[in-house]
Amino acid sequence: METKQNENIILEMRHIYKQFPGVLANADICLNVRAGEVHALLGENGAGKSTLMNQLCGLIKPTSGDIVIEGKVVHFNSARDAMAIGIGMVHQHFMLVPTMTVTENCLIGATDAGYLKLNYKQAAKRISELAEKYNLEIDPEAKVGDLAVGQRQRVEIIKALYRGAKILILDEPTSVLTPQETGELFNMIRSLTEKGFTVLFISHKLNEIKEICDRVTVLRLGRTEGTYNVAECTVNDLARLMVGRDVSFSIERKEGTEGEAMVQVRNLTLARDAHTNLLTDISFDVHAGEVFGIAGVDGNGQNELVECLTGAKHATSGTAMYEGKDLGKESTRQIMSSGVSHIPADRHKAGLILGMHLTENLILQDYYTPKFGKGALLDNRAIDTYASELIERFAIKTPSRYEYAGSLSGGNQQKVIVARELSRNPKFLIAMHPTRGLDVGAIEYIHGQIMKQRDDGAAVLLVSTELEEVMKLSDRIGVLFEGKLMGIVNPSETTVEEIGLMMGGTRLEDIRK
Amino acid sequence: MGVGPLHIIGNVLASDIRMATPILIAALGLLLVNEAGLLHIGVEGTMLIATLAAVAGSYYTGSVWGGLLCAIIAAGLMGLLFAFLTITLRANQTVVGVAINILGSGLSAAMNRVLFGVSTTIASIDTFKNLPIPGLSKIPVLGTAFFNQMPIVYIAFLLVPVISYFLFKTQPGLNLRAVGENPGAADTLGINVYRTRYIACVVGSMLMGVGGAFLSTGLLTFFSEEMVSGRGYIAIAAVIFGRYKPTGIMFASMIFMAGNVLANLLQVYGVGIPYYFLNMLPYILTVVALAMLGKSTMAPAAQGKPYRRG
Amino acid sequence: MKIDKVKLKSTANRSLTSVGVSVAAVVIALVIGMLLVVAMQKNPMKAFTSMVNGAFGPGYFTETLVKMTPLLLTGISFALCNRCGLTNLGMEGQMYIGALFATLVGAYVTGLPWYIHVPLCLIAGFIGGGLWCLITGLLKVFCGASEIITTVMLNMIAQFLIEYLINGPMIATPGGNPQTKNVLASARLGTLIKGSRLNWGYFIALGCIVLFWLFISRSKKGYEVRVSGMNPTAALYSGINIKKNILLVTFLAGGAAGLAGCIEIMGVQKCIQSAFASGYGFDGIAVSLIGQNSPVGIVFGALLFGAFRAGGNNMMRKAQVPDSIVNVIQALVIIMVIGSQMVLEIMNEQKLRKQARKEA
């Protein structure tokens, strides 16, 4: 890193610190990026990648440290300043207005489109030209709300190019894409760097970094681990750098004692409208004592499948039999009270009530039972005892049981949900993204708890977009693509490539043909 | 100049337009505030302050235009207060709106006593006069209806295309709509969300002030307590019923006030009962519209939600 | 036991701050109000003492309690909806309809002994207000219409409906004052202290506070309501029927406001006059806001605003200061309380930020 003068450095971030209330998100981060390269920023969730990039694109200011572009120290007061200097960011959660057209979206906040006489036609024409030049097919008149996810990402990239970005920041760009769409994105990135653009590629997916990036800077717990040439690293090296120790790709597990089919899903279909389906003809069994994993890219029907099994939505046709009941038709209350537990995907949005005490969060699934009060009133003493017991049993770190759920750390919040759901001794456990955004320790703890349920004879349905997690925990894996089950495989008899192909829409029988 | 049915139609239309004017201007102001993503219940209070400020301004400057200026400043200050509480302090917009209504009602009445004492004699002030457009006002029926009105009436109806153009054909208009739909996205594109909301809120409130001024120095020629009497709420209804479009708002104001004009007319002829129901019309129509439109009301997606960066 | 101390301490600190904020807000608002009195060239000390005297002085305090009664109930109404994540701005309209139902039963149903007639009127008033607010709930649940707007609209509709009735079909003496017949003696709430207007309605309202506490803090249904209000998705996933809860809460909240109108008629006014509930609805918001949606807080909030109303009347009589000053003071109280709450929150955030910076 000492030889920066002769390396054609276009962007440098020097000793960046960023302090949030209660969290030091970035501590002494240094980053240098060469013109024309694809530079990866690698790190786990919470390593400080997004914070660093938000400073680079002017959304927040560093607590201390300098940003240097082409040899000059720059200060950004707003995103507009960063854009003016040629930095364009494609956010992980798209920053688009769905009710407006592609062109309108590109024109928001523009400074050169004619102030009081918006030159809409000319803008649309320029967008078409840009799209053609960089192989980004898009209709400038289309309403963004009507576009598919991959197309919306294209709009984001065009938006950045339209503003004259020279350095493109892509924040976890593949997390919403199929392997095929990812391939297209990589082609776009290659054609952009050929034409002189610099790309900052933020990811925690090692194979993708291997495939597309020239150099990589690794962040861990808000600090820089170092910058490396990707060609000189193996995937295992990268993994070690990212996590800080060797990653085990396997878990010690007892041989599954496969029991009866606890849940039988047959031809489950959920219609979106008269012509299209959200779920089509899903069939699988989950046996007692097994973990059945559902893999797939986010947004391919996982939410809908879980909603159909938990009573949040009713299936259009087909059945999901559990103990003589059809889960696709019962109400949530009926399902949950018959031995089913559910760890929802988003702990803030669906799992917890952040403004309530832990005690009240822990009784969410059972507050109506006589256990917590015989009549219409709640029995506070019983609730307190129960909460204390769970806090101890599941080692939830909290100053008291009356702490607000919102004031706990992410790992402890997830433990609260896990405690609530697993203490009910479920016969059928549905766990969706149970470890998303957690640190390694918490992940291991929660994996252990899920496996314990399996070993105790529960049927477990694990839905996760982390392929590693699904491969590690599942006895069998089904892959969802556009609401259809592409195939069911045994992790010991399959390869990541095979699952990747299914995630991209190839049926298992076509792969093995 | 016979008293034929055409003559009556012309007069009814003219009075409908005149009555619709304060609603229309206030609703257009509210539209700007709403488009920035702010939910403003306090139109009534803002207008009330302006009614008094207009009378006081006209009294002290001797010109109705001076009164209008005072009304605009007073309403703008109310807008600034609303903006500070809801944007900078992120306070609940509905509650602040209610407080603005109570404040407007109390402050206008109290300041009236401060300025004019308890005397019951009404200070005589300069007020708006009809300004016939030469030539056009001579057209039968339409001339009386459209071209023999007070200047503010012309301004109000001219504002409809102006604000329409502003919102849909200019850069600041596009930015404003983006702030109301997705402030986070607007922020990443370099738009100062706070500043945009502040400006929209103050300018919008100023327009509400113009509406208020027209009430006390145009439609009437004096201030009385609670004289806005629900027109602020009708403006809210007009924005929703007009589906957040300036032309829609214009028609909504005219339809709403047609009920009012008709009610007054029928009362003159001694048909008293429908009076109250015709006055209810704007509110009932709005509730029905909300029931039928449901979530597709075209309201800006971020309306009512405070924005915080980072 | 140790844990309970922690709970006590943190809640005590929290409520102490909010009490401090409320008191400071009231003081500042009063000072500004008195400056206005000075501007009117009246004596602010005289105005202030006559206001305090009119609110708490001997022979006057009962009037404060009379004014406090409907505020307790509209405060409950707003707080109840707020706990379920709804904003009810329609208490005034609900009061009118509650009063209407009570008057229909109280003035037109004859021949009942008081122990049947009074409860019957109260129930009618509750149901009237409840149904009126239920319209909002139904529109919210089945059409997705914003309750903020529909309640405001329903206020105006109720107001015009009452105007129509007291000028037309229900007018006591055609051609006379626009007001309804008096409710029968058997349908009146008896006064508690002779010569005052204080009546049994005050205790009914206090009883409602207890019921409100029992419902929201202790009951299973109240827990459901709070979960629905704070996190609808979590409620959905635990099998709580949010729509049913919204309908229940809008009915109960409307009922509470309806009861306010009904007690005002049965205990104080005896008949419906034009705009008799004016301001009580929106003041309920302030009451609930100052009381932070808690039962005890609502009692203090209602006492304060009741005192303002009663004291304002006296101030107008004794010091010739218009009672519109009281409106100004009330608005300022709301603004100060909500403003300082937010300032505290922002300061808290900054403190955390500074602390963290030091640690780093």
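In the text below, chain A, chain B and the rest are named by the order of the sequence lines, each starting its count at 1.
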- Side chain from CB out, backbone as N, CA, C, O: work out which of these in B:Leu85 comes under 4.5 Å of a heavy atom of chain C, or both, or neither. side chain
- Query: So, is the end of the B:Arg90 side chain (NZ or CZ) under 6.0 Å from the ring centre of B:Tyr307 and within 45° of the ring's axis?
  - Reply: no
- Query: Side chain, backbone, both or neither: which part of B:Asn112 has an atom under 4.5 Å from a heavy atom of chain C?
  - Reply: neither
- Item | Under 4.5 Å from any heavy atom of chain C - which part of B:Thr88 | backbone
- Item | Contacting moiety of C:Ile285, where chain B heavy atoms sit under 4.5 Å | side chain
- Note on the structure: Note: vs chain C, highest number of non-hydrogen pairs under 4.5 angstrom among B:Leu281, B:Asn101, B:Val114 is B:Val114
- Note on the structure: Applying a strict 4.5 Å limit to non-hydrogen atoms, the region of C:Leu161 in contact with chain B is both
- In terms of ring plane angle, is the pair C:Phe276 and C:Tyr96 parallel, tilted or perpendicular, where the classes change at 30° and 60°? perpendicular
- Item | Portion of B:Ile41 that has a non-hydrogen atom of chain C nearer than 4.5 angstrom | side chain
- Query: Taking the six-membered ring where the residue is Trp, are the ring centres of B:Phe241 and B:Phe251 under 6.0 Å apart?
  - Reply: no
- Query: Can you tell which of C:Ile325, C:Ile149, C:Asp323, C:Asp283 has the highest number of heavy-atom pairs within less than 4.5 Å of chain B?
  - Reply: C:Ile149
- Task: May I ask you to test the C:Lys140-C:Thr250 pair for a side-chain heavy-atom distance under 4.5 Å?
- Result: no
- Message: Does any backbone or side-chain atom of B:Leu39 lie under 4.5 Å from a heavy atom of chain C? Answer side chain, backbone, both or neither.
- Response: side chain
- Contact origin within C:Ile346 toward chain B - heavy atom pairs under 4.5 Å: side chain
- Query: Which of the residues B:Leu115, B:Val287, B:Leu103, B:Ile236 is involved in the greatest number of heavy-atom pairs with chain C at under 4.5 angstrom?
  - Reply: B:Leu103
- Query: Hey, which of C:Ile148, C:Thr87, C:Val333, C:Leu139 has the most heavy atom pairs under 4.5 Å with chain B?
  - Reply: C:Ile148
- Flag the pair B:Phe223 / B:Phe116 as yes when their ring centroid distance falls below 6.0 Å, and as no otherwise. no
- Query: Side chain of B:Glu35, backbone of B:Leu31: donor and acceptor closer than 3.5 Å?
  - Reply: no
- Supply the atom-to-atom distance C:Met91 CE to C:Leu154 CG, rounded to the nearest 0.5 angstrom. 13.5 Å
- Item | Ring centers of C:Tyr164, B:Phe277 separated by less than 6.0 Å | yes
- Structural part of B:Leu81 lying under 4.5 Å from a heavy atom of chain C: side chain
- Do B:Arg197 and B:Leu38 come within less than 4.5 Å of each other through their side chains, counting heavy atoms only? yes
- Note on the structure: Answer key: most heavy-atom pairs under 4.5 Å with chain B among C:Ile329, C:Leu332, C:Asn167 is C:Asn167
